[in-house]
Amino acid sequence: MSPDPAPHILVVDDDPGHLTALKTIIKSWGYRVDGVDDGAAAVERVRETPYDLVLMDVRMAHMSGLEALKRIRGYNPAIPVLIMTAYSSVATAVEALKAGAYDYLTKPLDYEVLKLGIERARDHSGLKSENQALKAELRAAFDLQNIVGKSPAMVELIDMVAQVAPSEATVLITGESGTGKELIARALHVNSGRRDKPFVVVNCAALTETLLESELFGHERGAFTGADRRREGRFMQAHQGTVFLDEIGEMSPSMQARLLRVIQEREIQRVGGTEVLEVDVRILAATHRDLAAEVAAGRFREDLFYRLNVVALKVPPLRARRDDIPLLAAHFLARYAARNRKAVRGFAPRAMDLLLRHGWPGNVRELENAVERAVILLAGDYVSAKELPLSITAAPGAAPAGDPPAAVPDGGRTLQDIERDAILATLQLTEGNKSKAAEKLGITRKTLYKKLKTYGEE
Ligand SMILES: Nc1ncnc2c1ncn2[C@@H]1O[C@H](COP(=O)(O)OP(=O)(O)OP(=O)(O)O)[C@@H](O)[C@H]1O
Ligand SMILES: [Mg+2]
């Protein structure tokens, strides 16, 4: 393995002169340095890049350093944050320390003290190893091993991801909602040479055309009402990294034309600007639509489609790879059991049977949500049908053709018969206690009475 790269430091200061000076001096000490001029930007950067240390001014115009500190800690408590304060007031420093700052320095800064402070923060072994573990975890989160799936379709897909990730190819990822399109996009980024640069997600369906344009390309000051200062777009923010255009099928025709230009010329112009800016990004796109059909229907540009579709990855729906259901269910069970500090052993056979037979309109996300919910509700060792949502236990689901109907032991009985038996069996269990039986059955007492009356079992 190659030696660790130099520690990466983020400097946050809204005074441009101070920011430049700090970056220069820290760099001269052999660190990698990035700088941003406000707290909100700092929070965003920390989400994108696993920094080893944040050096931050507490008093800034937009978001205060303390607020930013809290958010950074909320996101990744292992990153040491060194606070700079112009006020040697104990109060500010104490507040910062309480909010989780690693230490504070007073301004004007003594560079020797700063140097020591940085080294100390770095060498603080607990922090260091914890942070490294966290970085490994962050990276592993999108590693190929974390794309769960042993079905032939998924194995093929994961192979493709491994193959095309290191290339610069534009990739179009298609699949139903919740199938794992974003997971695949992140895996492509993390397994590419751009992994240490930003991965920027833009949801094309979430913004109006005008907003999307300025979001992607940025705007000049005064470009429209409310544009009180120049803003860089997501393409520039993703410099040397990857832009993931989610829901690309929803893009308007004129935005499609502009995007085509970016892909062809590798150049953009800010809204309201004339300056031509070079962009260095890899583009990944996803849609739940059949883009070829959209092209045929005249709703999507054919030339753009071919540009995006250089490599096409199809994520199969969960119902088409039922072999993966037990694996995914176990994967999510382990994750949520750990998160909720519960010792869950697995799924009862009946619960697994229901999972295997369900139609999964919401795909992997639906499965993940169902398992998380079950873990939260669970009191025993095994997830049983009781902890599964009604959508899974009640609906017959899209059982694979040729299979017997779901879990009816002898078949050929009416639903009413089955319901009646269930009610009577539950009443037997609760020794005739109707309130308890109603609760177990998930119905009100009134409903229980009504049903007993219909069955003549009062
Ligand atoms: N093969 C997989 N292995 C592990 N986790 C998965 C897999 N596929 C999806 N997931 C998880 O399922 C959830 C949904 O996946 P993701 O957000 O990538 O889907 P999507 O296709 O982008 O959905 P949407 O179309 O709704 O935006 C995420 O939490 C993701 O981590
Ligand atoms: Mg998505």
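In listed order, ligands and their atoms are each counted from 1. Everything quoted here is computed from the prediction, not taken from an experiment.
- The N/O atoms of Leu183, backbone and side chain alike, include one that comes under 3.5 Å of an N/O atom in ligand 1.
- For Tyr31 and His8, the gap between ring centers reaches or exceeds 6.0 Å.
- For atom 1 (N) of ligand 1, the nearest protein heavy atom (residue, atom name, distance) is Val148 O, 2.9 Å.
- The protein non-hydrogen atom at the shortest distance from atom 9 (C) of ligand 1 is Val364 CG1, 3.3 Å.
- Ionic pairing of Glu176 and Arg319 is present here: one or more N-O contacts between side-chain nitrogen and carboxylate oxygen are shorter than 4.0 angstrom.
- For ligand 1, the polar-atom distance check against Arg335 finds no nitrogen or oxygen pair separated by under 3.5 Å.
- The side chain of Leu328, and not its backbone, has at least one atom closer than 4.0 Å to an atom of ligand 1 (non-hydrogen atoms only; side chain from C-beta on).
- Counting only heavy atoms of the protein, atom 23 (O) of ligand 1 lies nearest to Gly178 N, 2.9 Å.
- The contact set between ligand 1 and Met154, taken as ligand atoms under 4.0 Å from a residue heavy atom, comprises 1 (N).
- Between Arg234 and Glu44 there is a salt bridge, since a side-chain N of the basic residue sits under 4.0 Å from a carboxylate O of the acidic one.
- Between Arg194 and Asp280, at least one side-chain N (NZ, or NE/NH1/NH2) sits under 4.0 Å from a carboxylate O, which counts as a salt bridge.
- Ligand 1 has an N or O atom lying under 3.5 Å from an N or O atom of Glu368, backbone or side chain.
- For ligand 1, the polar-atom distance check against Glu182 finds a nitrogen or oxygen pair separated by under 3.5 Å.
- Using a cutoff of 4.0 Å between basic side-chain nitrogens and carboxylate oxygens, Asp303 and Arg307 are not scored as salt-bridged.
- At a 4.0 Å heavy-atom cut-off, ligand 1 does not touch Phe244 at all.
- Side-chain atoms of Asp13 and Leu55, non-hydrogen and from C-beta on, never get closer than 4.5 Å to each other.
- By the 4.5 Å heavy-atom criterion applied to side chains, Leu277 and Arg270 are counted as neighbours.
- Side chain of Arg221 to backbone of Ala227: no donor-acceptor contact under 3.5 angstrom is found.
- Of the protein's non-hydrogen atoms, Lys181 N, 3.4 Å is the one closest to atom 20 (P) of ligand 1.
- The protein heavy atom nearest to atom 4 (C) of ligand 1 is Asn146 O, 3.5 Å.
- Put simply, the side chain of Lys27 does not reach to within 4.5 Å of the side chain of Arg32, judged on heavy atoms.
- A donor-acceptor contact shorter than 3.5 Å links the side chain of Ser167 to the backbone of Val164.
- Under a 4.0 Å criterion applied to the non-hydrogen atoms of Ile147, ligand 1 contributes the atoms 1 (N), 3 (N).
- Residue Gly180 has at least one N or O atom closer than 3.5 Å to an N or O atom of ligand 1.
- Contact annotation for His288 and ligand 1: no heavy atom of the residue comes within less than 4.0 Å of the ligand.
- Side-chain contact between Phe347 and Leu333 is present, with heavy atoms from C-beta onward closer than 4.5 Å.
- In this structure, atom 26 (O) of ligand 1 lies nearest to the protein heavy atom Arg365 NH1, 2.7 Å.
- Under a 4.0 angstrom heavy-atom cut-off, Arg186 registers as lying outside contact with ligand 1.
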